[in-house]
Engineer: 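Here it is, the structure, as structure tokens.
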Amino acid sequence: MFQSRRSNTLWNNCRTLDKDSGVRLAILFKNNARLNEETLTEEFGFSSQIRRIILEQSKRANVGHIGSNLSVADIIAALYGSILNISSPHDPERDRFILSKGHAALSLYAALFLRGFFPKEVLDTFCEDGSALGVHPEHGLDGIDFSTGSLGHGLAIGAGAALAARLQRSARRVFVLVSDAECNEGSLWETLMFAAHHRLANLIAIVDLNGQQAFGYTADVLDLSPMAGRWRAFGWDVHEVNGHDPEEISRAISTLDTTSGLPHVLIARTVFGKGVSFMEGEIKWHYWPLSDDEYQQALSEIAGIS
Amino acid sequence: VRRTFAKVLTDLAERDARIILLTGDLGYTVLEPFCERFPSRFFNMGVAEQNMLGAATGLAEAGFIPFVYSIVTFASLRSYEFIRNGPIFHQLPVRIVGVGAGFEYGNAGPSHYGLEDLGLMRIQPGITVIAPADYEQANAALQATWDSPRPVYYRLSKDDSTTVAGLNGKFELGRAQLIREGSDLAMIAVGPIAGEVAAAAEILATRGVSCTVAVVASFNPAPTDDLIRILSTVPLAITVEAHYVDGGIGSLVSEVVAEHGLRCRVVRCGVRTMPVGVCGSQDYQHRRHGLSSAALVETALSELQSIRR
């Protein structure tokens, strides 16, 4: 699954990041091993490395969306640790991944960097003038299949990508990560109908169910409960998982039949700001950047997770 | 042009397996030639234009050339942001086909009038915009652009029988088509309203007014050089469109005149008021908004008089 030609880059990247867990991760990649249920990303610190990059880069760039990024860090870790078949960002047969909640792009950049898609110098341009790495992802960057940022768009693109794979008789799969508040968008439900009607079994949506949005809690803004029931009513194969357990996410996806049947959705229960005590469940961390003291505390708490 | 489109697309699809057709539940009695010949390459996406444009984006990234079909307003306005953030930002070969230019949906009312699509599409730098004046020109335009690597917006007429005299199915990207040459004024038209313009020019000729008539079907890329040439030779240009006056051919011509410092007065004939609350046929709406051949003749004569004063 991991291509060997990226291993050296990855090795170097990881060494500059986190000597212990990075080296362990790099050895794993160097052996071209497949991360699976036994060699879990959490065990190798993939999630916590993503979290650390989220904190480092958002602090350096002095930008927000930290809570949203931490919310999906383990989902991204599962996808890029063990699930996605992406030997090359230009291979037409690669799995597609669409970060429909584009405001969590930093978590994706972190995973792509750790997978060796681009070097540390590129990661360090996050939000700089002239950088390809903005708050929301753009497709010009290797590893980003589609630009996102406007909510309710990514799943429709994913449905088209899944239909294309079927028409081309390809076994590739399409993963789309949506936020729960994104389910406010009517366009998303258009796609739910379309994907179910055409039984796009190669389409796998993951809902980051953290219960928060920019200006309040989802239950107070536009109540989305029961989230699983709504997707089920629209004809999807629904699975509920702990969105902070990459092993459980990985296992759930490995059991899906992506060749026939209904489109799949994982309703991933998550905690906004997961891993940083003062962010968890706090609305202000949708937009707020970190002060120096908060940054130090957040780093130490993240270090404690793995 | 709808049936011409269906026929041309079916022929092209025989040659190129990348072509697929998506419709937002429109095209009954029109698209059957395609869907009967290629049932597995035809998708009625339902009344869901945003999903249709999003799906087309995913399909195009994987190598398909999706043609997305709806009425002008639904194809362009309802899904506009998905067009911008999708095919345009990603520079993917999605074809957006809007049917019903201007007032063609007549008594269906303002929800079905296509009066701002050219302006909306033209302001996006990354999309080719094509607005044929008749079915023969539409055929030529489709043949010339169907395999473009970038997105294309087609504004198609419903009319499959009328032709604009003198146009003879000519089309070239980035060019305007001259169907009449004269020295007193130039009339520059977009879309099937060119028929009214050609008729007005005939009437003007009987009154001793010599008129250039140009048809602009390649809206982006705009025929800037041709327009400069035309506008440099006449003191008066009258733009004509079944479209709001802002954003369409009137704006385009004004920009060329201003940016190139041409000494040519521009009079914009188009829709200036919201066409709400008044039902009527296409002809009625053309008359009401000063776009009938008779109204254009009156405008031309009075404007000529005013610049000569």
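Numbers restart at 1 for each chain; the letters A, B, ... are given by sequence-line order, proteins then strands.
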Engineer: May I ask you to test the B:Val1-B:Tyr154 pair for a side-chain heavy-atom distance under 4.5 Å?
Structural biologist: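 No. Closest side-chain heavy atoms not under 4.5 Å.
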
Engineer: Side chain, backbone, both or neither: which part of B:Ser40 has a non-hydrogen atom closer than 4.5 Å to chain A?
Structural biologist: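 Backbone only.
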
Engineer: Non-hydrogen atoms of chain A under 4.5 Å away: do they reach the side chain of B:Phe82, the backbone, both or neither?
Structural biologist: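 Interface part for B:Phe82: both.
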
Engineer: Does B:Asp11 come within less than 4.0 Å of B:Arg15, counting only side-chain N to carboxylate O?
Structural biologist: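 No.
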
Engineer: Measure centre to centre between the rings of A:Phe194 and B:Phe43, then say whether the value is under 6.0 Å.
Structural biologist: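 That pair fails the under 6.0 Å test.
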
Engineer: With no hydrogens and no angle check, do the side chains of B:Thr4 and B:Asn139 hold a donor and an acceptor under 3.5 Å apart?
Structural biologist: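 No donor-acceptor contact under 3.5 Å links the two side chains.
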
Engineer: When only pairs under 4.5 Å are counted, which of A:Gly158, A:Ser170, A:Ser150, A:Ala159 shares the most heavy-atom pairs with chain B?
Structural biologist: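 Maximum pair count with chain B is reached by A:Ser150.
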
Engineer: Would you check if B:Tyr69 and B:Met52 make a side-chain contact, meaning some heavy-atom pair closer than 4.5 Å?
Structural biologist: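 Contact flag for B:Tyr69/B:Met52 side chains = no.
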
Engineer: So, A:Glu93 and A:Arg172, do they make that salt bridge, N to O below 4.0 Å?
Structural biologist: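 Between A:Arg172 and A:Glu93 there is a salt bridge, with a charged N closer than 4.0 Å to a carboxylate O.
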
Engineer: Among A:Asp145, A:Leu163, A:Leu155, single out the residue with the greatest number of heavy-atom pairs under 4.5 Å to chain B.
Structural biologist: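 With the most close heavy-atom pairs to chain B, the winner is A:Leu163.
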
Engineer: So which of A:Arg96, A:His153, A:Glu138 has the biggest tally of heavy-atom pairs under 4.5 Å with chain B?
Structural biologist: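 Answer, by heavy-atom pair count under 4.5 Å with chain B: A:His153.
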
Engineer: Contact part of A:His198 toward chain B, heavy-atom cut-off under 4.5 Å: side chain, backbone, both or neither?
Structural biologist: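 Only the side chain of A:His198 comes within 4.5 Å of chain B.
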
Engineer: Measure distances from A:His139 to the heavy atoms of chain B and classify the residue's part below 4.5 Å as side chain, backbone, both or neither.
Structural biologist: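 A:His139 touches chain B through side-chain heavy atoms alone.
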
Engineer: Side chain, backbone, both or neither: which part of A:Arg166 has a non-hydrogen atom closer than 4.5 Å to chain B?
Structural biologist: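 The answer is neither part of A:Arg166.
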
